[in-house]
Every structure is written in structure tokens, then in C-alpha cells.
Amino acid sequence: MDSIIQWNINGLHKHNTDIHRAKTLIKPIALCFQETNLKLNTTFPIKGYNGFFQNRQTHLRASGGVAIFVNNLIESTEIHIQSSLEVIAVSIRLKTPLCICNIYLPDSTTFTLNDLNDIIQQLPKPFIFLGAFNSRNQIWGSHFTDHRGKIMEKFLENEQLILLNTGEPTRHNATHNSLSAIDLTITNSTFAPKTKWNVLNEYSSSDHWPISIKIIDQTTPISPIVRWNLKNPNWELYRDIIDQTLSDHPVNLRSEINQTDINSIINNFSNIILDAANLTIGKINIQKKKKTVPWWNKECSMAIGAYKKSS
């Protein structure tokens with residue numbers, strides 16, 4: 001658990017399966033989504049994560065918006081940002097606090113250099129300022145430079161800021177068979193050496209690829225490894241609980257179900273299995289063993305023991 005994921009998801013509900021896959025395989029510290037497409041005053045649950053939301057205020061239909069999900073093992077607090085833009089910030093506590101600021105700037109939103117500077121002046125250091133800026137500039141891998149890209153270029157002239165992008169494309173347009181780099185990750189100059197930036201193009205359900213920002217030397221506190229206690233499981237009771245729950249709440253597998261229904265069925269069925277396992281199998285915490293030096297052996301232990309006896 002050492003990475004932060006940023007992702008223009010183009011609808012949380014629509015891409016729930018890929019979100020669950022990334023959460024399970026990567027186990028990120030935090031997930032930062034743009035274009036969440038949630039209705040006003042609604043949320044979206046991700047099991048094991050605390051969610052912070054800034055939904056779009058000006059449209060009746062679900063569109064736009066940003067959200068940050070932080071692993072619930074990590075202390076997190078929202079930082080309220082004064083801005084007219086779609087932006088949200090959260091402070092998380094690793095070895096030291098880190099501020100994550102997530103922004104969505106669609107092509108229809110105009111912004112100025114002052115807008116961006118006002119935001120970062122409200123962020124405690126160190127910080128990561130990331131999001132879908134939809135700003136094109138050849139400096140970070142776009143084929144041309146537009147007006148928004150020039151604003152971002154001017155913004156990045158601040159010697160205290162570092163752009164982490166490597167030139168890799170972050171968006172694929174299937175209609176025009178083109179690539180672009182419009183998702184940016186910015187941090188303060190002192191924190192930049194502690195990060196590694198990478199595009200995860202194995203996730204392609206959205207037109208934007210997720211981006212991994214690996215935190216190199218600010219890993220989270222070591223927690224016990226949790227494992228199922230398989231020494232004495234009650235498999236008969238486990239089966240009976242699942243059978244009874246499915247009998248009381250049968251799974252609806254009608255042919256006309258849509259993708260949202262499928263996601264809901266998968267989540268409900270998974271919860272039934274996990275709830276039964278927690279009751280009949282249980283979990284145990286396994287502490288990580290302290291690594292020993294390669295030259296230590298039984299003779300060394302015996303020599304130490306003999307020395308202590310003679311002292």
C-alpha cells in the first residue's frame with residue numbers, strides 16, 4: 001500500500017467493476033477520481049475506504065465532480081478549499097502528513113493563472129495537486145499547445161512546483177484513434193524526489209487511463225497481516241448460513257438486467273460470502289517477522305547463550 005491513484009473515471013457507477021479490480025490489485029493509499037458523475041448530495045461507497053466528495057452544483061443531471069477515497073486504516077481530514085472550480089483536498093497521515101488536492105477542469109470551464117495560484121496557496125506542504133486539467137502542451141506530451149496549456153505552463157514556472165508527468169499519453173480517443181496527455185500530476189519541489197509516476201494502461205474502460213503516483217519513502221505504518229483462520233473452520237455452518245441467506249434473499253438473474261444491476265448483484269453476493277466466513281471461520285492477525293541478517297546461524301545463538309551464562 002504505497003500508491004495514490006488518479007483517474008478521470010467518467011462515471012463511478014459505470015466503471016465500478018474496474019474500480020474494484022484496481023482497489024483489489026493495487027491496494028492504493030488513496031483513489032482520486034475526476035468526472036464522478038454523481039447527483040448533488042449523493043455519495044458512492046468503496047469498501048475499506050473513506051470518501052470525500054465535491055459534486056457538481058450547477059446541473060440537474062449527474063455530471064462532473066471530484067472525489068477522493070482514502071484507505072480507512074489511514075487518518076484523513078478534508079481541507080476546505082475556497083474556489084469556484086471543481087476541486088477537493090484531503091490531508092492524509094503517512095509517516096508525515098501529505099495533502100492531496102484533486103481538480104476537474106473540463107473543456108467548458110474557463111480558469112486563470114490566479115485561480116490555480118489561489119488553490120495551491122491554501123494547500124499545506126507537502127502536497128500533490130492532480131487531476132484532469134484538459135490542458136494541452138507539447139512540454140508534457142501533447143501534439144500541440146493550446147491556450148489552457150499556456151496557462152498551465154506559466155503556472156509551472158513557479159520554481160516550487162514540479163510536474164511529474166513523463167510525456168506518456170493519459171487519454172485515448174477511440175473515435176479518432178488518437179492519444180493525448182491532459183491529466184497532470186504536480187507536487188512541490190521537495191516532495192517530487194519521493195514519488196514515481198506511471199500510467200496504468202491495462203485499465204481501459206474509461207477514455208482516460210489511471211495514473212499511479214508511488215510514494216517511495218513515505219510508506220504507511222506497518223499493520224499486521226490479516227488472514228482467514230483455517231485451523232478449525234465450521235464449514236457446515238458456513239454452508240448453512242449462505243444457503244439460508246440466499247433462500248431469504250434470492251439473487252435475481254433475470255435476462256434484462258443492466259450493468260448497474262450486475263454490479264449490485266456481485267457486491268451483494270460477495271458480502272453474503274464474507275459475512276458467513278466472518279461468523280464461521282474468523283480472521284487472525286499475523287505479525288511480520290523481523291528480518292534476520294544472512295550470516296546469523298545456530299552457532300551464533302549458542303555462543304551468545306554461553307556468554308550470558310558466564311557473565
Side-chain angles (χ1 to χ4, degrees), residues 4-8 10 32-35 54 56-58 64-68 79-91 98-173 176 178-199 207-215:
I4 295 169
I5 302 299
Q6 75 173 83
W7 198 349
N8 184 323
N10 192 15
C32 304
F33 296 110
Q34 305 87 45
E35 205 171 353
Q54 179 66 48
R56 182 168 288 181
Q57 308 288 318
T58 56
V66 290
I68 298 176
I79 299 172
H80 296 282
I81 302 297
Q82 298 296 319
S83 176
S84 60
L85 302 176
E86 293 180 77
V87 61
I88 190 169
V90 172
S91 175
L98 172 65
C99 175
I100 305 171
C101 185
N102 182 15
I103 191 168
Y104 176 49
L105 293 173
D107 289 320
S108 58
T109 297
T110 58
F111 65 93
T112 66
L113 179 61
N114 286 337
D115 290 330
L116 301 175
N117 284 328
D118 286 344
I119 290 172
I120 63 166
Q121 286 171 8
Q122 299 176 62
L123 304 179
K125 295 178 182 178
F127 63 78
I128 297 177
F129 185 29
L130 54 81
F133 289 83
N134 287 292
S135 304
R136 296 155 182 84
N137 194 303
Q138 291 175 308
I139 291 175
W140 51 80
S142 296
H143 297 299
F144 62 94
T145 300
D146 59 14
H147 175 67
R148 297 161 66 99
K150 291 179 180 177
I151 294 176
M152 291 303 303
E153 182 179 347
K154 190 71 176 176
F155 175 63
L156 291 167
E157 288 178 1
N158 183 337
E159 62 183 13
Q160 296 183 8
L161 300 178
I162 296 291
L163 178 68
L164 299 181
N165 290 55
T166 62
E168 290 182 72
T170 63
R171 181 178 183 267
H172 53 98
N173 187 320
H176 298 97
S178 62
L179 302 173
S180 56
I182 55 178
D183 304 277
L184 307 179
T185 313
I186 300 162
T187 186
N188 54 295
S189 55
T190 56
F191 191 72
K194 302 175 182 178
T195 63
K196 183 179 180 181
W197 190 92
N198 184 39
V199 176
D207 57 339
H208 294 248
W209 286 303
I211 295 165
S212 167
I213 305 104
K214 185 174 182 180
I215 312 301

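What you are looking at is a predicted structure, and each value in this text was computed from that prediction instead of being measured. Position 1 is the first residue of the sequence, and the numbers go up from there.
Under the ring-ring contact (aromatic ring centres under 6.0 Å, His included) criterion, W7 pairs with Y203, not counting sequence neighbours. Scanning for salt bridge (Lys or Arg N to Asp or Glu O under 4.0 Å) contacts around K154 gives E157, with sequence neighbours left out. In terms of the side chain to side chain contact (heavy atoms under 4.5 Å, CB included) criterion, residue partners of S189 (sequence neighbours excluded) are, by chain and number, I162. With sequence neighbours left out, the side chain to side chain donor-acceptor pair (under 3.5 Å) criterion links N134 to no other residue. For the salt bridge (Lys or Arg N to Asp or Glu O under 4.0 Å) test, no residue two or more places apart in sequence or in another chain qualifies with E35. Residues forming a side chain to side chain contact (heavy atoms under 4.5 Å, CB included) with T166 (at least two apart in sequence, or on another chain): E168, W197. Residues meeting the side chain to side chain contact (heavy atoms under 4.5 Å, CB included) test with T195, sequence neighbours left out: L164, F191, I213, I215. Residues satisfying the side chain to side chain contact (heavy atoms under 4.5 Å, CB included) criterion with S84, sequence neighbours excluded, are absent altogether. For N117, the side chain to side chain donor-acceptor pair (under 3.5 Å) criterion is met by no residue, not counting sequence neighbours.
For the pair N165 (side chain) and T185 (backbone), a donor-acceptor distance under 3.5 Å is present. Judged by distance alone, with hydrogens and angles left aside, the side-chain atoms of S83 form no donor-acceptor pair with the main-chain N or O of I119 at under 3.5 Å. Listed for the S142 side chain is no donor-acceptor partner under 3.5 Å among the backbone atoms of S180. Side chain of S135 to backbone of F133: a donor-acceptor contact under 3.5 angstrom is found. Remark: the backbone N or O of N198 is not paired with any side-chain donor or acceptor of S212 at under 3.5 angstrom.
The distance from atom CZ of R56 to atom CD of E86, rounded to the nearest 0.5 Å, is 4.0 Å. Once rounded to the nearest 0.5 Å, the distance linking CD1 of I79 with SG of C99 reads 4.0 Å. Atom-to-atom distance recorded for I186:CD1 and L156:CG is 4.5 Å, nearest 0.5 angstrom. L105 contributes atom CG, which lies 7.0 Å from atom CG of L116 (distance to the nearest 0.5 angstrom). To the nearest 0.5 Å, atom CG of residue L113 and atom CG of residue N158 are 9.5 Å apart. To the nearest 0.5 Å, the span separating CD1 on I151 from OG1 on T112 amounts to 7.0 Å.
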Between N102 and Q34, is a side chain to side chain donor-acceptor pair (under 3.5 Å) present by the stated rule, with each step listed?
-> CA-CA 8 Å; N102 182 15; Q34 305 87 45; 2.8 Å; yes
Worked verdict on N188 versus T190 for side chain to side chain donor-acceptor pair (under 3.5 Å) | CA-CA 6 Å; N188 54 295; T190 56; 2.8 Å; yes
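Evaluation of the ring pair (Phe, Tyr, Trp, His ring centres under 6.0 Å) test over residues 103-125, restricted to residues two or more places apart or in two chains, returns none. Applying the salt bridge (Lys or Arg N to Asp or Glu O under 4.0 Å) test to residues at least two apart or on different chains, the pairs with a partner in residues 132-151 are D107-R136, R136-D146.
Between A181 and G141, the shortest heavy-atom distance links the atoms CB-C, 4.1 Å. A pairwise comparison of heavy atoms in C32 and I100 identifies SG-CG2, 3.6 Å as the closest pair. Taking all atoms of both residues into account, the shortest heavy-atom contact from L179 to P169 is CB-CB, 3.7 Å. Between D183 and H208, the shortest heavy-atom distance links the atoms OD2-ND1, 2.8 Å.
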Identify every side-chain donor-acceptor pair in residues 120-132 under 3.5 Å, counting partners at least two apart or on other chains, and give the distances.
residue : atom : partner : partner atom : Å
Q122    : OE1  : Q82     : N            : 2.8
Q122    : NE2  : Q82     : O            : 3.0
Q122    : NE2  : D118    : O            : 3.1
K125    : NZ   : Q160    : OE1          : 2.8

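Inter-residue side-chain proximity for N137 and M152 is flagged as unmet; no heavy-atom pair is nearer than 4.5 Å. Residues Q6 and I4 are not in side-chain contact: their nearest non-hydrogen atoms beyond the backbone lie 4.5 Å or more apart.
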